[in-house]
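Note sheet for the following structure.
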2 protein chains.
Amino acid sequence: MAISVRDVAKAAGVSVGTVSNVLNTPNKVAEKTVTKVQAAIDKLGFVRNDAARQLRAGKSRSIGLVVLDVRNPFFTDLARGAEDAAQEFNMSVLLANSDEIAERELAMLSLFEEQRVHGVLVTPVSDDLEPFKKARDRGTPIVLVDRKSKDKNFSSVSVDDVAGGYMAVKHLIEIGRKKIVFAGGPMSIQQVSDRLKGAQKAVAEQLGISLEVIDCKSLTVLEGRAAGEQIIARPKTKRPDAVFAANDLVALGVMQVCLKPEGMSIPKELSLIGYDDIAYASTALVALTSIRQPTHEMGTKAVELLLAIAEDGDAKPRVRHIEFQPELVIRDSTSAK
Amino acid sequence: MAISVRDVAKAAGVSVGTVSNVLNTPNKVAEKTVTKVQAAIDKLGFVRNDAARQLRAGKSRSIGLVVLDVRNPFFTDLARGAEDAAQEFNMSVLLANSDEIAERELAMLSLFEEQRVHGVLVTPVSDDLEPFKKARDRGTPIVLVDRKSKDKNFSSVSVDDVAGGYMAVKHLIEIGRKKIVFAGGPMSIQQVSDRLKGAQKAVAEQLGISLEVIDCKSLTVLEGRAAGEQIIARPKTKRPDAVFAANDLVALGVMQVCLKPEGMSIPKELSLIGYDDIAYASTALVALTSIRQPTHEMGTKAVELLLAIAEDGDAKPRVRHIEFQPELVIRDSTSAK
DNA sequence: GTTGTTTTGTGAATCGTTTCAATTTGTGTA
DNA sequence: TACACAAATTGAAACGATTCACAAAACAAC
């Protein structure tokens, strides 16, 4: 039913090989032949069958990307970066989300292997990397994203969260803040504890700065609001003059509460800094100072790294780790007193 | 290099046909043969080649979905619904975004055709549906999503925005509000003008209700804030007692401004209702009443409709339109005086 | 007109899976 | 033991694009 190269060849009065050449290497074909074949293609409405192409080629022209949650802007930005890089190599990115379910992650991995993708970028759900090891042994390159692989055998692309935490608190100190609160949790999340570690490092460098931790059950607006309530319930002398939130959602929660009439003024009485620089950060009532991660670039570099590994072939499974530095974005929610 | 069914067959001492049967219809194969073949598969690390499968089948097991923006929760929810439905039919959804660029949209469409997808769901960038017509004529079913097709030849799945607007204002009237503001724009967006139309209809049904329109340049938090500023700048007697915002972002902007000390109390002095019921709506300082669209279900139904059409084959290009009703979600931002 | 060189065009073989008609094996009954 | 019938297995053909060794044509130089 569908039109094939053979049909086109017959219609144009040439051989199938020539049709294929017109499609792939038109400069190797006489100009008038190209025109003739193109005309036949247009007339018949021929559409290449990608499955046949891939079968012959042995590999698809795509890269798999498995993220934890497609609704998270962090991952969509990352995906966009990956797509942009892939396009440079005339490839495309297949996006899949695991929903943080190991089972789904596995299913997507199998799907990608069956598709014979050039490689897979993944933010693993758990620490069990066995399935990825197997896939790699079968010849599918793997790159971990947003995770420093404990397992040194996997290449990875990640962000230096310790540096981000340091950067945030350093900024607060530089604008003269002395009583700082870190709002975030749980500490079991590596990102959170790393950010706190960076914060502590900045505090240790300077005398006369205090750092208090308000632990949160999760990184949500609601938890941020709880932290805020806890702060404004205190007598004025016990209140901090700055809050470093483990992410922007928590920061926005703190802000909502503090801007109530009985709260504190931002940034004068309380300077506030978040983390991630999500889109909503800049549209908050007081534009939020935040730490931005080079999300787009991470996607780009991850793809480049993946293709470099694929290039190597079976020979030497070269392992590389790329760590990005975050960036301070100063807006209205932080200022000197 | 890669392992094929032939290798598995040799290793297991059976024919390729049997290996295929083990893979696809294990109940047609003797139990001990299945075990034998499975062992060989595991030992060799055989992974099915999907390209070859598809080539033989003539069609892929996927459905294409082209959305305007993957970052928009509306579309990710829709995609999720589509995925869920597809899974029922043992199919998968390929998600692509056009970024509202006609050229990209076209590229994705071609890609999908080359992949021999079962069909394409699309929210078209422009009114020019010519490329989709061509694709459909070549045998790829098309369903428009979130657009009532002016062109009656395309099947579609959409939401009744007039009903949503009616529902919102009806609710405001029922809780005793009389001076209502509609904040939103531009009116060139069909969704916006439809919602306003619904609002006007509700107002017309009751005596003594006024409806004022504050035009916005776009549906953003910033524009909502501008609308809010305009309201609280007025003397108390000239202020409305309710605002219906054309979407949640605008509503959140209005809320941010009104909650300032010199503003109005929500919901007492001012009741506020948004549209879309985005995730942030429920985490606002005052949880936002909103109109929810059955996004997930739209995705589900779109897939079902698509597959029904595909079922028909070339015979009769059956055309169907499904229109969903939105739903009122009452939270804290609306109440009686 | 012959020879050498480059440019175009040819078509059979190939990729890996599924299908299906034909064949073999197995089971139960007389 | 023979026969009928069901269950299990076989293997060649097919899907459609690409490749590549080879052939044909076109052109240039003498």
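The residue among A/Val5 and B/Lys28 whose nearest nucleotide of DNA chain D lies closer to the 5′ end is B/Lys28. Of the two residues near DNA chain C, B/Leu55 and A/Thr33, the one whose nearest nucleotide lies more 5' is A/Thr33.
The distance between atom CD of B/Glu31 and atom C1' of C/dG26, rounded to the nearest whole Å, is 16 Å. Distance CD (A/Gln54) to P (D/dT19): 14 Å, rounded to an integer number of Å. In this structure, the CZ atom of A/Arg6 is 9 Å from the C1' atom of D/dA17, given to the nearest Å.
A donor N or O paired with an acceptor N or O is found under 3.5 Å between the base of C/dT18 and the side-chain atoms of B/Arg56.
Closest contact between the side chain of B/Arg53 and the listed nucleotides D/dT9, C/dT18, D/dT18 involves C/dT18. Considering only side-chain atoms of A/Ser20, the nucleotide from C/dT18, C/dG9, D/dT19 that sits closest is D/dT19. Distances were taken from every side-chain heavy atom of A/Ser15 (C-beta onward) to each of D/dA12, D/dG16, C/dT10; the shortest belongs to C/dT10. Distances were taken from every side-chain heavy atom of B/Ala52 (C-beta onward) to each of C/dT17, D/dT10, D/dT18; the shortest belongs to C/dT17.
Contacts of A/Gly58 with the nucleic acid, taken as non-hydrogen atoms under 4.0 Å apart, are absent.
Salt-bridge formation is detected for the pair B/Asp99/A/Arg80: a Lys NZ or Arg NE/NH1/NH2 atom is positioned less than 4.0 Å from an Asp or Glu carboxylate oxygen. Ion pairing of A/Arg61 with B/Glu114 is absent here, as no side-chain N (NZ or NE/NH1/NH2) approaches a carboxylate O to less than 4.0 Å.
Side chain of A/Ser20 to main chain of A/Val16: no donor-acceptor pair is present (N/O by atom type, distance under 3.5 Å, no hydrogens or angles).
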